[in-house]
Amino acid sequence: MLIVAFLFRETRMMSTKGVLGSPKPAKRVKLTSVEPTRDELLEERKKLPIFPAKGKLLQNVQQVSTAIIIGETGCGKTTQIPQFLYKAGMHRNHTIAITQPRRVAAISIAERVSKEMGTELGQTVGYCVRFEDVSCQATKIRFMTDGMLLRESTLDPLLKRYSFVILDEAHERTVHTDVLFGVVKGAQKRRRAKGLPQLKILVMSATMDVDQFSQYFDCAPVFYLEGRQYPIQVKYSVQSQSDYLFSALVAVMQIHQEAPLGQDILVFLTGQEEIESAVHTLRDIVKDVTKQYAPMIVCPMYAALPTGQQMRIFQPTPGGVRKVIVATNIAETSVTIPNIKFVVDTGMVKAKIFNPNSGLDMLKVCWVSKSQAWQRTGRAGREAPGTCYRLYTEEEFEQFSTNTIPEIQRCNLSSVILQLLALGISDIVHFDFMDKPRPEAILAALDQLVLLGAVEKQEKVQLTLLGRQLAAFPLDPRLSRVLLGAKEFDCLEEMLTVVSLLSVESVFHTPYNKRDTAHAARQKFISSEGDHLTLLNVYRAYKGVKGDKQWCQENFINARNMQTASQIRKQLREICVHLQLPFKSCGQNTGVIRKCLCHGFFTNAAELQHEGVYKTVASKKTVVIHPSSSLFMRKPGCVIYNELVQTSKCYMRNLSVVDPQWLYEAAPTYFKRKKTAN
DNA sequence: GAGCACTGC
């Protein structure tokens, strides 16, 4: 391979002050072999930039009901502020909730804080995430995922247990945090009106949309905390790059030849295939027989990678070797990789774009936002000064949007709206969103809920009894509808399995260079009736070997996803017990499973046209079967699918063969209306 | 004829 050096222009330094935005703190606790004592921890804590600000911060928080706290990397706000409030008795014997967008973060921070306080985890300090509640009535500092607090609010909209809600990482703008903004603001007002104890809100963020946060919370005061981040040189590409993948490889080899060994490189690319191919190319280049290159360990990193292989990025690099990690945006926030000296940022990300008009999801490679670019840059300066190579020009950077569009403005809202209705909020269009979703998206979601029988539109929109039951499940309403429908078909046991497996990423693992072997291994699970029954076969086989890891590996089954599916199944089963649904199995009568699926997915049907091309029943859109489907080679006449994803073509994913008559039986009014409309 | 960013309940 030809290696061409290309020039970078150094224009900026990213320092403790940040340039535009600032990177977020890493929430993963570092793997250390020696446990520090509590005294050592205290010494460490005293050095945090937040420590000298303690008095002033508490005094201000005392006076206001809501505050925005802007804290840069490593300032200690997440771990220290809850402790300050608690020690000062400001929690007034109630609980302080601190939300996080990610589970691992909630868990590891809780572990850290309980260690700092010298208490047993789950007592004064605890956490609560899906499948795991390590807290008790006596817990005063409770770390939780934003989704968990949102779920809790449907049981108690006034959040009476809490005296403080701290929404951390607010700049990430997850759907859950965005809905919580409105929920906690409303709870605060209503508690005041009812004369109940005050609910204080702290919004913690690391961004520039400070004004928007402050304005939304009735001009709440803003506190700035200084961070602790090493300076990072930012170098822009002098020319626009036409092939970012190639440019990334060139940049890596250039750094490899120029920089001392032992300084590791993190490269941001967009997806699994691209990453695997880059990894193989780099490995091929350095193993060149002429031995002109120093040894290099190249690790891929993306969410679908099995855990064992993911862990390789944390192994210390041996002397005289360079480690290169090629990652998706998973390395922006979710995992912190130690010892990164160089970041190579292609400026590209694969993003899901939702079109509310067509209801279609699209996966598209796009430019990142400025805040994302700074986040990537920040990954180079965690332990020492570093360098970030941007494979785009400064002019191109200036064209990037300031922030990533909040998730709530680019996702299907049916689940969110069902939850808001369950919270007793019926006027969704006028709900106090910080950034309102498009009205079309709200209406489309309401239409879907009406079709499912979850919502009635009389004078105002309201939940039906069925809708209330659907809201009890942590699922897409269509999947919940399938579960509730199972009692008519005596197949709840099977539906629980199918729905759980549909709730996780693919259970099939297809490694880059073993595609054929993986496909061959998969054959024994395949059902001619479609993917849902194929999934059921996999689950039965998995349970048959009691979830044996070796078996998973031999059969190219992703053990982690199977385990998650089992946990989800258990959770869903408990909800079904609560709703007194009858647990029955359909045995070999697999047709009822597909019939039952029609009750949630009757809008997602397609009919075969010619040469393997299908047209959707709902909108006559041309679609094809995804190559990962067990029906890819079969082409049945009529199918239902769980989702459409537009990439190079419009693909149907997770399909089952159905009889058109079943569709009609599942939703007669819908199909009658369609007939008249056509 | 051929493929899937990341979270979360």
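Every chain is numbered from 1 and lettered A, B, ... according to where its sequence line falls, protein lines coming before strand lines. This structure is a prediction, so every number in the text was calculated from the model and none was measured.
With sequence neighbours excluded, the residues that form a salt bridge (Lys or Arg N to Asp or Glu O under 4.0 Å) with A:Glu273 are A:Arg515. A:Lys615 is linked by a salt bridge (Lys or Arg N to Asp or Glu O under 4.0 Å) to nothing, counting only residues two or more places apart in sequence or in another chain. Not a single salt bridge (Lys or Arg N to Asp or Glu O under 4.0 Å) links A:Glu505 to another residue, sequence neighbours left out. Residues meeting the ring pair (Phe, Tyr, Trp, His ring centres under 6.0 Å) test with A:His626, sequence neighbours left out: A:Tyr651. Not counting sequence neighbours, the partners of A:His280 by the ring pair (Phe, Tyr, Trp, His ring centres under 6.0 Å) test are A:Tyr512.
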query: Base, backbone or nothing for each nucleotide of nucleotides 4-9 of chain B, written B, S, -, heavy atoms under 4.0 angstrom, 5' to 3'?
result: BBSSSB
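Across all strands, A:Met348 comes closer than 4.0 Å to no nucleic acid atom at all (heavy-atom distances). Among the heavy atoms of the strands lying under 4.0 Å from A:Arg515 is at least one base atom, whether or not backbone atoms are also near. Nucleic acid contact for A:His519: base, since at least one base atom lies under 4.0 Å from a heavy atom of the residue.
Computed from coordinates, the A:Glu274 CD to B:dG3 C1' distance equals 14 Å when rounded to whole Å. The CZ-P distance, from A:Phe632 to B:dG3, rounds to 8 Å in whole Å.
Both cation-pi conditions hold for A:Arg522 and A:Phe508: the charged atom is under 6.0 angstrom from the six-membered ring centre and inside a 45 degree cone around its axis.
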